[in-house]
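Just so it is clear, the values below take in all heavy atoms, side chains as well, and ignore hydrogens, waters and symmetry mates. Just so you know, residue 1 is the first one in the sequence shown, and it goes up from there.
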Amino acid sequence: MAILVLGGAGYIGSHTVYELIDSGADVVIADNLQTGYIQAVHPKARFYKGDIRDKAFLDNLFKQEKFEAVIHFAANSLVGESMVEPLKYYDNNLCGTMVLLKSMVENGIDNIVFSSTAATYGEPESIPILETDKTEPTNTYGETKLSMEKMFKWVSKAHGLRYVSLRYFNACGAHVSGEIGEAHNPESHLIPIILQVPNGQREAVSVFGDDYNTKDGTCVRDYIHVTDLAQAHILAVNYLKKGNESNIFNLGNGVGFTVNEVIETARKVTGHPIPAVIAPRRAGDPAILIASSEKAKKVLGWKPEHDSLEEIIASAWKWHKNHPKGFEK
Ligand code: UDP
C-alpha cells in the first residue's frame, strides 16, 4: 500500500517525499503544479498531475492506487498574498480540502496528516505557544488553515476518519543533497529573500517593521528545518497507523530569532555584507511566534535534528547558490 502525498511537488511536500522514500515507503504524488515543480518530484515516486478541487481526478486516483494514508500539503501558504487575495485561499485551501474529504469518505480512506500553521494562533497571549492556546488568526491564510482543522474535526466525528494536524512554525532550509529546496515565484519568505542579496539578485533586504515590542524591534519567528518537518509527517503517519486518536501538534525548535538576527547569521554564513533597509510593517504579521513542541516530542517521539540557525541557513545557501533561479532554467 502506498502513501499519497498531495502537493508533493511543493517545498515541504517534496522534502517529505524524499524522507518517505529513504524510509522505504511506496509514494504517490498528486500536484497541480501551480506552485510546485515537476523537477522537485522524486524519481521513485509515481506522479499524477491534478487538482484536489477536481473530485473526478481524486476518485480515479483512489480507484487506481491503494493508500494506507494521505499527507496533504496542497494549499496556498503566503500570508501577504492571503491578505490581498483572500478568496483564492478560501477556494484552494478550504474548497480543496472539502472535495478531498468527500472523496476520501466515499472511497473509505481514513488516515490523513495535513499541514497547518502557527498562523492559526494569531497574536499569542503567552510564549511559547501551546496547542491549547487561543486561536484567533490575524490573516486569511491562518484563518483558512484553522477552518480546515475544524472541517477535519467534524468530518472525523461523523465518518470515523482520523487526522493529525501539524502546525508548522517557520519552515526553512533545504535537503542535505542540495538537489531540492525552497522555490517560490515571486519569493516572499525571509531566508530565500535574504540569500538573493549574496546571489546578486537583490541589492538589499527590506525589514518589515522595526517598532514591534521585541528585543530589537523586528519580528521574532521560530525557524524549523524542512527535513525535521518532513520527519514529523512520517511519525504522524505511523501514529495514525497504530490506531491513535486524531491530534494537533506544534512543530518548531522552541527558539525565536528576530529578523535582524536572521540577517546577521546569513552575513556570517555567506560572508556577504547583506545590506538591510527598514520598511513598513507587513499586514497580518504577529510580533512573536515561538512554539512549544513538547507535545510532538512526547507523543510522536519527534526530535528536531537541524536546530542551529547557522546550519539551517547554510543548507538553504547550498541550494540557492547552486540554483539561483530555483527549479527554473
Ligand atoms: N520579513 C521581512 N522581510 C522580507 C520577508 C519577510 O522582514 O522580505 C519578515 C516578516 O515580516 C516576518 C518574518 O520575516 O516577520 C518571516 O516572514 P516569512 O514570510 O518568511 O514567514 P511567515 O512568518 O510570514 O510565515
Side-chain angles (χ1 to χ4, degrees), residues 3 5-7 12-13 16 69-77 79 82 89 93-94 96-98 100-101 104-105 109-171 221-222 224 226 228-254 286 288-304:
I3 294 180
V5 182
L6 300 166
I12 307 173
T16 301
V70 176
I71 309 182
H72 173 29
F73 296 98
N76 292 109
S77 63
V79 168
S82 80
Y89 281 69
N93 298 4
L94 270 178
T97 298
M98 182 188 70
L100 168 65
L101 280 171
M104 283 180 64
V105 167
I109 304 199
D110 56 8
N111 283 336
I112 180 161
V113 174
F114 69 96
S115 312
S116 186
T117 169
T120 52
Y121 294 108
E123 198 65 62
E125 280 174 328
S126 56
I127 294 292
I129 301 170
L130 295 167
E131 289 83 352
T132 46
D133 286 356
K134 105 176 153 24
T135 44
E136 256 175 46
T138 54
N139 53 63
T140 318
Y141 165 60
E143 188 72 48
T144 58
K145 287 284 175 169
L146 185 60
S147 303
M148 276 169 64
E149 288 189 353
K150 291 183 176 167
M151 198 189 298
F152 278 100
K153 180 179 87 177
W154 297 112
V155 172
S156 88
K157 279 190 203 299
H159 298 289
L161 161 151
R162 285 171 307 118
Y163 64 90
V164 167
S165 169
L166 298 175
R167 291 181 177 164
Y168 316 146
F169 282 63
N170 284 64
R221 292 289 181 273
D222 182 339
I224 177 78
V226 65
D228 286 325
L229 291 181
Q231 287 298 341
H233 292 77
I234 298 178
L235 294 169
V237 166
N238 292 338
Y239 167 91
L240 288 174
K241 273 171 34 187
K242 285 185 199 140
N244 290 302
E245 61 185 17
S246 296
N247 221 328
I248 298 179
F249 299 98
N250 285 342
L251 299 177
N253 274 314
I288 304 180
L289 293 173
I290 302 174
S292 162
S293 303
E294 292 312 309
K295 187 177 167 191
K297 289 178 182 163
K298 199 163 151 230
V299 178
L300 297 178
W302 182 61
K303 187 177 173 300

**Message:** Quick one, L94 with M148, criterion side chain to side chain contact (heavy atoms under 4.5 Å, CB included). Give me CA distance, side-chain angles, the key distance, then yes/no.
**Reply:** CA-CA 6 Å; L94 270 178; M148 276 169 64; 4.0 Å; yes
Hey, are the side chains of [X] and [Y] touching, using non-hydrogen atoms and a 4.5 Å cut-off?
X: I129; Y: L289; result: yes
X: L166; Y: V113; result: yes
X: P304; Y: Q231; result: no
X: Y121; Y: E131; result: yes

For the residue pair [X] and [Y], what are the closest heavy atoms and their distance?
X: S246; Y: S156; result: OG-OG, 4.3 Å
X: L240; Y: I112; result: CD1-O, 3.5 Å
X: A232; Y: L300; result: O-CD1, 4.4 Å
X: E123; Y: I288; result: OE2-N, 4.3 Å
X: G7; Y: F73; result: O-CB, 4.0 Å
X: I224; Y: G252; result: CD1-C, 3.9 Å

Verify, without hydrogens or angle tests, whether [X] (side chain) and [Y] (backbone) share a donor-acceptor contact under 3.5 angstrom.
X: K295; Y: I248; value: yes
X: W302; Y: D228; value: yes
X: D133; Y: L130; value: yes

**Request:** Kindly indicate, with the supporting measurements, whether the criterion side chain to side chain contact (heavy atoms under 4.5 Å, CB included) is fulfilled by Y141 and S77.
**Result:** CA-CA 6 Å; Y141 165 60; S77 63; 3.8 Å; yes
Separation between [atom1] of [X] and [atom2] of [Y], rounded to the nearest 0.5 Å:
X: L251; Y: T117; atom1: CG; atom2: OG1; answer: 11.0 Å
X: H233; Y: T16; atom1: NE2; atom2: OG1; answer: 5.0 Å
X: N250; Y: Y168; atom1: CG; atom2: OH; answer: 12.5 Å
X: L161; Y: N111; atom1: CG; atom2: CG; answer: 7.5 Å
X: S126; Y: K134; atom1: OG; atom2: NZ; answer: 9.5 Å
X: I71; Y: S115; atom1: CD1; atom2: OG; answer: 9.0 Å

**Request:** Using side-chain contact (heavy atoms from CB on, under 4.5 Å) as the criterion, point out the one residue from I3, V164, V70 that pairs with V237.
**Result:** I3
**Criterion side chain to side chain contact (heavy atoms under 4.5 Å, CB included) on Y239 and E245, from CA distance to verdict** = CA-CA 9 Å; Y239 167 91; E245 61 185 17; 3.9 Å; yes
**Message:** Enumerate the salt bridge (Lys or Arg N to Asp or Glu O under 4.0 Å) contacts for residues 151-168, please, sequence neighbours excluded, ordered by first and then second residue.
**Reply:** E149-R167
**Item:** From CA spacing to verdict: side chain to side chain contact (heavy atoms under 4.5 Å, CB included), N76, N93
**Value:** CA-CA 7 Å; N76 292 109; N93 298 4; 4.0 Å; yes
**Item:** E136, CD atom: more than 12 neighbouring heavy atoms under 6.0 Å
**Value:** no
**Prompt:** F152 vs F114 aromatic rings, parallel, tilted or perpendicular, using cut-offs 30° and 60°?
**Reply:** parallel
